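See structure below.
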Amino acid sequence: MPLWDRRAETMSEDERAALQAERLGALLTRLAGSSPFYAGRLAEAGVDPDAPLGLDDLPALPFTTKADLWEHYPWGLLAVPREQVLRVHGSSGTGGRPTLVAYSRGDLAVWAEVCARALGCAGAGPGTLVHNAYGYGLFTGGLGMHQGAELLGCTLVPVSGGQTQRQVALIRDLRPEVLCCTPSYAVRLGEALGEAGIPRDEVSLRVGIFGAEPWSEAMRAQIEAVLPLKALDIYGLSEIIGPGVSCECVEAQAGLHVNSDHFLVEVVDPASGRPLGPGQRGELVFTTLTKEAMPVLRYRTGDLAALDPSPCACGRTLPRMSKVTGRKDDMLVIRGVNVYPSEVEAVLVAERAVAPHYLLVVDRTEAMPKLLVACELAAGWTICADTEEAERERVADEVGAALLQRLGLATEVRVLPGGSIPRVELGKAQRVVERTSTHDPLAALSG
Ligand code: DLL
């Protein structure tokens, strides 16, 4: 399988470490001279930016957080004159305040390079037909994959998100091999292709590059069951570059290759910030070694994963990160029990009687919070309308028992008729919502 940048992707560990140390030293010198924010942070931490620095010194460098980006919104973390910024992207964020990031010409080139590597991981090359259903706009998904596909020489269909019927027609007519979109939208597209009378085996797609939201191994199996493709995980965040920070390869599907020649990766204990070793799950932290416009030092992502430095069967030597199993701030605490939404997803997706669409409702209408799990019956599970309600109740009991066993928590499960859970056609799926005395998200659902 051709690698987009064989040299960078198969470098020996020592060679890569030397490159990283050299780039880290250059970054510190640059930041001390061009970023008042980092010049201050480095001085506070007692770091001399011109002293020789090895990778072992990394833990002595200060962290950067999302709060730093917000406090210095919009241009405070720029390390180049504003006129050298060619583009701004960002994410909407949960609090309504966007996180904005800036790209220089060099940054856009690095971004295209790492997205081309991701497409290379999917086995794409010049002429490969790519259907890009990530949203175009401030969100990094659409334009990020777009530039990577163009650099690689792919035939790109920049369809963006939404308008599912039109997407189905384009997939039927153009016969793309690679699909880029969120995993939840991949499920929706699989469903819509079936509804349009296109059987799974007649769909041309061979590989999917899915990311921007967490998805479990069980969800991978579901997607591969509705679409005839290998589903690969791609990870990234606006603050670091967008998609292309890391991606799985089609050969192994065993962890995401981190482009660590550009994005130095660490895993730290989310509470203490202390570095963790290979295989230990903690918070991902990245340092952008080559970014010009808005570089970040030890950026705390809040995303939880583990690292594996061993080489992959595909020949790449880049370290691999596990799937992101959640964010440190999306852990729910229900009656003293820690619940990760990904654990609930794993139970639901393993249950054949329910479709892979769900909503977790944290019910705060009483003194003690409760977890309500709303899902729906799988398409074609019951054919007899008379028995459907009883069947939904039976399945709800079954799912409730499985959740109790897995989480150690009693939940209230509602299995609704097929099609009740709203499908997300644009942007990221929001699977956890709150129910309060003034707002009931369940009221809008049928069943
Ligand atoms: O979601 C960039 C992206 C676009 C990645 C397309 C992959 C594909 P943001 O909007 O800034 O950037 O959101 C970043 O999304 O911190 C994670 O919490 C989450 N996330 C992104 N990819 C994954 C993934 C883009 N593969 C935030 N698995 C990150 C789990 C992911 N979570």
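Remember, it's a predicted structure, so these values are computed and weren't measured experimentally. Order of listing sets the numbers, starting from 1, for every ligand and every atom in it.
The shortest contact between atom 28 (N) of ligand 1 and any protein heavy atom is with E213 O, 3.4 Å. Considering only non-hydrogen protein atoms, atom 11 (O) of ligand 1 sits nearest to S238 OG, 2.6 Å. Distance from atom 25 (C) of ligand 1 to its nearest protein heavy atom, with residue and atom name: G236 O, 3.5 Å.
The residues E191 and R423 are annotated as salt-bridged, a charged nitrogen and a carboxylate oxygen being separated by less than 4.0 angstrom.
Y38 places no side-chain N or O within donor-acceptor distance of the main-chain N or O of L28, the cut-off being under 3.5 Å. Panel note: side chain Q253, backbone K230; no donor-acceptor pair is recorded below 3.5 Å.
Rounded to the nearest 0.5 angstrom, L332 CG and E343 CD are separated by 11.5 Å.
Judged by the shortest distance from any of its heavy atoms, K428 lies inside the 4.0 Å radius around the atoms of ligand 1.
Close N/O approach between A212 and ligand 1 is found [any backbone or side-chain N/O within under 3.5 Å]. For ligand 1, the polar-atom distance check finds no N/O of T301 at less than 3.5 Å from any of the ligand's N/O atoms. Among the atoms of D233, some N or O lies under 3.5 angstrom from an N or O of ligand 1.
Contact atoms of ligand 1 toward I234: 7 (C), 8 (C), 22 (N), 24 (C), 26 (N) (distance under 4.0 Å to a heavy atom of the residue). Counting the atoms of ligand 1 from 1 in the order shown, those under 4.0 Å from a heavy atom of T140 are 2 (C), 12 (O), 25 (C). In summary, the atoms of ligand 1 found under 4.0 Å from a heavy atom of R327, numbered by their order in the structure, are 16 (O), 18 (O). When each atom of ligand 1 is checked for a heavy atom of G141 under 4.0 Å away, the hits are 4 (C), 6 (C). Close approach of ligand 1 to D303 (heavy-atom distance below 4.0 Å) involves ligand atoms 16 (O), 17 (C), 18 (O), 29 (C).
Here the two rings, on Y103 and H89, have centers that are under 6.0 Å apart. Ring to ring, W111 and H262 are not that close: their centroids are 6.0 angstrom or more apart.
Considering each of V245, L237, I209, the one bringing a non-hydrogen atom nearest atom 12 (O) of ligand 1 is L237.
Figure legend: R281 and Y340 shown as a cation-pi pair, the cationic atom lying under 6.0 angstrom from the six-membered ring centre and within 45 degrees of its axis.
Among residues two or more places apart in sequence or in another chain, the salt bridge (charged side-chain N to carboxylate O under 4.0 Å, His left out) test is passed with D5 by R117.
Side-chain contact between Y299 and T65: absent, with no pair of heavy atoms (C-beta onward) separated by less than 4.5 Å.
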